[in-house]
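All chains are named by letter (A, B, ...) in the order of the sequence lines, taking the proteins before the strands, and each is independently numbered beginning at 1.
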Number of protein chains: 4
Amino acid sequence: MHDELRRQVLDASHDLAARALAHASFGNVSAVDRDAGVVAIKPSGVACAELRAEDVSLVSLDDGTVLDGLKPSSDTPTHLALYEAFGAIDGIAHTHSTYATSWAQALRPLPCLGTTHADYFNGDVPCTRALHDDECGDGYERATGDVIVETLDGRDPLEVPAVLVASHGAFAWGISAAEAVEHAAALEEVAHLAFNAVALAPVEPVSAALLDRHFGRKHGPTAYYGQR
Amino acid sequence: MHDELRRQVLDASHDLAARALAHASFGNVSAVDRDAGVVAIKPSGVACAELRAEDVSLVSLDDGTVLDGLKPSSDTPTHLALYEAFGAIDGIAHTHSTYATSWAQALRPLPCLGTTHADYFNGDVPCTRALHDDECGDGYERATGDVIVETLDGRDPLEVPAVLVASHGAFAWGISAAEAVEHAAALEEVAHLAFNAVALAPVEPVSAALLDRHFGRKHGPTAYYGQR
Amino acid sequence: MHDELRRQVLDASHDLAARALAHASFGNVSAVDRDAGVVAIKPSGVACAELRAEDVSLVSLDDGTVLDGLKPSSDTPTHLALYEAFGAIDGIAHTHSTYATSWAQALRPLPCLGTTHADYFNGDVPCTRALHDDECGDGYERATGDVIVETLDGRDPLEVPAVLVASHGAFAWGISAAEAVEHAAALEEVAHLAFNAVALAPVEPVSAALLDRHFGRKHGPTAYYGQR
Amino acid sequence: MHDELRRQVLDASHDLAARALAHASFGNVSAVDRDAGVVAIKPSGVACAELRAEDVSLVSLDDGTVLDGLKPSSDTPTHLALYEAFGAIDGIAHTHSTYATSWAQALRPLPCLGTTHADYFNGDVPCTRALHDDECGDGYERATGDVIVETLDGRDPLEVPAVLVASHGAFAWGISAAEAVEHAAALEEVAHLAFNAVALAPVEPVSAALLDRHFGRKHGPTAYYGQR
């Protein structure tokens with residue numbers, strides 16, 4: 001059942017572990033087949049590195065009903081909320097990667113301080129507000145998704161393919177599970193660069209002109225980077 | 001003699017080394033068989049990575065008498081004090097891991113700044129007071145155990161499965177040697193996250209609601225994380 | 001065609017990746033054959049680690065016309081500007097390596113704080129000014145090269161074989177692609193040392209006497225380091 | 001000639017590289033046979049990782065005359081000055097390891113902030129004064145050795161088996177080349193711990209009682225650590 005979708009989640013999960021973005025059983029990956037209305041997602045409590053194809057969970061896109069595989073990640077409602085709100089994304093990666101999580105724990109958005117950042121994110125990567133106490137109840141994971149959507153505040157999710165969740169970690173996404181992992185990896189790297197930079201000087205974000213140049217080199221009609 | 005107990009200490013010691021939590025011959029692991037009144041522990045001066053099954057030391061739980069194997073870790077009296085005070089724990093790991101030890105050297109308790117922390121520790125990980133001069137004499141290692149117990153101050157050792165020892169390092173524990181190592185690894189990771197976070201902003205601990213949600217997701221009657 | 005030149009770029013690109021100086025597809029290397037008027041350079045969007053000999057791009061030194069191989073790096077005009085201005089260099093390496101880029105994002109030149117630095121760089125490694133908005137248009141990559149030349153300000157490029165590009169990363173060079181990578185690696189290491197040192201104390205550059213001693217040990221007529 | 005002495009330097013040099021304490025061709029190791037009046041030392045410009053037994057340099061202890069092997073390390077006069085002043089040491093390791101060098105570049109002695117430090121060093125690891133301009137001339141490497149001796153200021157070199165050289169790096173020593181490398185590795189680790197600790201809090205050195213306890217556990221007549 002949905003072998004290709006499962007394979008995407010399997011490969012992306014292994015990639016997340018290989019890039020040292022997922023400690024212990026933290027971190028998970030999902031992919032959606034919107035035509036079939038099915039989401040494949042890492043099972044709960046299974047380390048990304050040890051995931052096997054047959055264990056990948058399948059749930060329905062509309063209400064999260066488990067269709068096959070092991071019990072899905074407890075973060076499944078967060079993923080579903082993002083797929084619902086962001087129609088252009090087909091893959092999600094969640095990490096507690098060290099530097100991205102450090103900014104999230106400091107409750108600070110990640111400013112765009114350089115071209116490495118601008119190559120992937122069209123401006124700052126925002127950080128959610130803290131969840132209210134009544135959002136930490138039974139609907140906690142759904143509320144996490146909702147606050148990510150609230151935080152993106154209408155910006156294009158493919159131009160800002162990640163959000164920091166306050167006191168928690170990062171959610172990144174893309175047009176596939178593989179791209180979501182790539183964005184999670186880029187986020188960790190630019191979070192490290194920015195951590196170091198602000199330790200060296202009180203520094204302002206790059207100019208709009210430089211941001212446009214670099215984001216535009218790689219994205220949209222003006223792109224000229226790569227073998228296309 | 002007590003092959004299974006020795007095997008637990010052997011495997012956990014190798015795991016401690018493989019996770020880069022034990023430099024040189026620092027770090028040690030023990031496990032207790034309470035029915036038999038026997039503790040297995042790493043021998044003194046042997047690197048965790050190079051430990052062999054037959055070298056694991058066996059000592060009596062009540063007074064530390066050596067029963068078999070090499071000369072036990074010089075920290076054995078610390079382990080015995082913890083087993084005596086905390087009846088629910090059956091494994092202990094001691095490390096000088098980099099970030100946990102940095103907080104211990106700074107004499108600062110490790111605040112709960114995020115959900116990664118809250119998944120393992122129900123609140124801050126406390127740091128002991130400095131030992132008094134008269135506690136640095138012949139009974140030094142026993143005094144180290146006693147000050148850990150004093151520092152936990154009646155909190156449930158399975159809800160706070162680690163303590164920072166001032167100017168020294170970390171002791172972590174659990175229901176087995178393997179779990180003790182897992183807690184030592186989690187402690188190092190959250191110590192790193194917190195080190196970075198406080199460099200970025202003066203940050204407060206997470207709300208009680210978020211702490212309860214995450215600790216409760218994984219522990220006790222409300223747990224719903226993992227394949228159970 | 002120009003197999004030896006391509007081989008240099010291939011080997012140096014793999015070396016850049018092996019030293020963890022090039023994340024994702026960031027980073028590129030070139031080498032010039034000035035007699036033939038040909039530059040070999042990494043193709044656009046190809047990861048350094050995965051580069052193959054037949055994919056290395058060949059372009060003309062004078063105007064960048066593509067002669068063979070895949071589409072060249074989008075940074076090619078930067079490389080050509082440097083070869084044009086610095087007649088003594090025959091290889092260039094560009095990185096977003098973590099610590100060098102951190103200083104570049106902080107817009108700070110890298111001061112010479114120790115002999116490790118002085119062994120490679122005869123004084124500080126300067127940081128360019130930010131590019132003006134009108135330099136971020138179509139001629140952006142050429143402008144990047146020009147501002148590097150402007151920043152070197154007449155200093156000998158073989159005595160200061162690297163420049164930090166503000167909000168971007170590092171360009172390093174040498175008498176060959178291999179030496180350019182060696183300089184990029186040295187830059188990253190001394191950028192890390194300096195990052196740590198300024199966190200520990202407000203520290204001044206080393207004395208001219210110590211700088212002269214160390215740079216002179218390895219370079220020019222007074223050199224006595226190594227097997228020569 | 002002196003195969004065993006060469007073997008010690010060879011093994012210790014490889015160990016220094018394997019522990020990531022020697023970048024590029026930085027770092028060197030020597031060992032002395034005092035009865036024969038011969039010092040074996042890494043050759044100049046050869047990376048520790050690539051050293052071969054037949055290339056190890058042999059020089060005379062009294063005046064540095066080259067006896068066999070490649071041209072010796074340019075730091076040979078520093079090593080000879082230390083062997084001359086410290087009769088109890090038979091091996092030396094020199095590194096530019098990251099954290100030790102960071103303290104050296106900050107011109108700060110490394111305070112004893114914890115038991116990891118106290119297990120190896122009986123108090124702070126001092127940092128030399130900056131060399132005067134006239135010490136940076138032809139006798140520079142000898143002056144480096146002399147300032148290390150001056151800095152130790154009569155303390156027992158086996159109780160303080162390392163010194164930070166201002167704006168340069170670390171020299172460590174011991175009763176053998178292997179022990180010198182072990183001390184260089186311990187220095188790097190405790191320099192990292194102390195770097196982190198002082199970032200977290202303004203922290204005082206440990207008490208004399210705790211220092212005595214830990215240093216005495218491993219050294220001298222009171223030692224009870226290890227399998228002895």
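Per-residue heavy-atom pair counts under 4.5 Å with chain D were compared for B/G169, B/A106, B/S167, and the maximum is reached by B/S167. Here B/S74 is the residue among B/P43, B/A130, B/S74 with the most heavy-atom pairs under 4.5 Å with chain D.
Applying the 6.0 Å contact sphere to CZ of D/R52 captures no more than 12 heavy atoms from other residues, nucleotides or ligands.
Heavy-atom distances place the side chain of D/E189, and not its backbone, under 4.5 Å from chain B. If you measure heavy-atom distances from D/H214 to chain B, the contacts under 4.5 Å come from the side chain alone. Contact of D/D212 with chain B is not made at all, since no heavy-atom distance falls under 4.5 Å. Heavy-atom distances place both the backbone and the side chain of D/T116 under 4.5 Å from chain B. Heavy atoms closer than 4.5 Å to chain D are found nowhere in B/N196, neither backbone nor side chain.
The existence of a salt bridge linking B/D75 and D/R217 is confirmed by a sub-4.0 Å separation between a basic side-chain nitrogen and an acidic carboxylate oxygen. Taking the charged nitrogens against the carboxylate oxygens, D/E54 and D/R6 have no contact shorter than 4.0 Å, which rules out a salt bridge. Remark: B/E182 does not engage B/R19 in a salt bridge, criterion side-chain N to carboxylate O under 4.0 Å.
Distance check, rounded to the nearest 0.5 Å: OG of D/S73 to CD1 of D/I41 gives 4.5 Å.
Geometric assessment of D/K218 against the ring of D/F121 yields a negative cation-pi assignment under the 6.0 Å and 45° thresholds.
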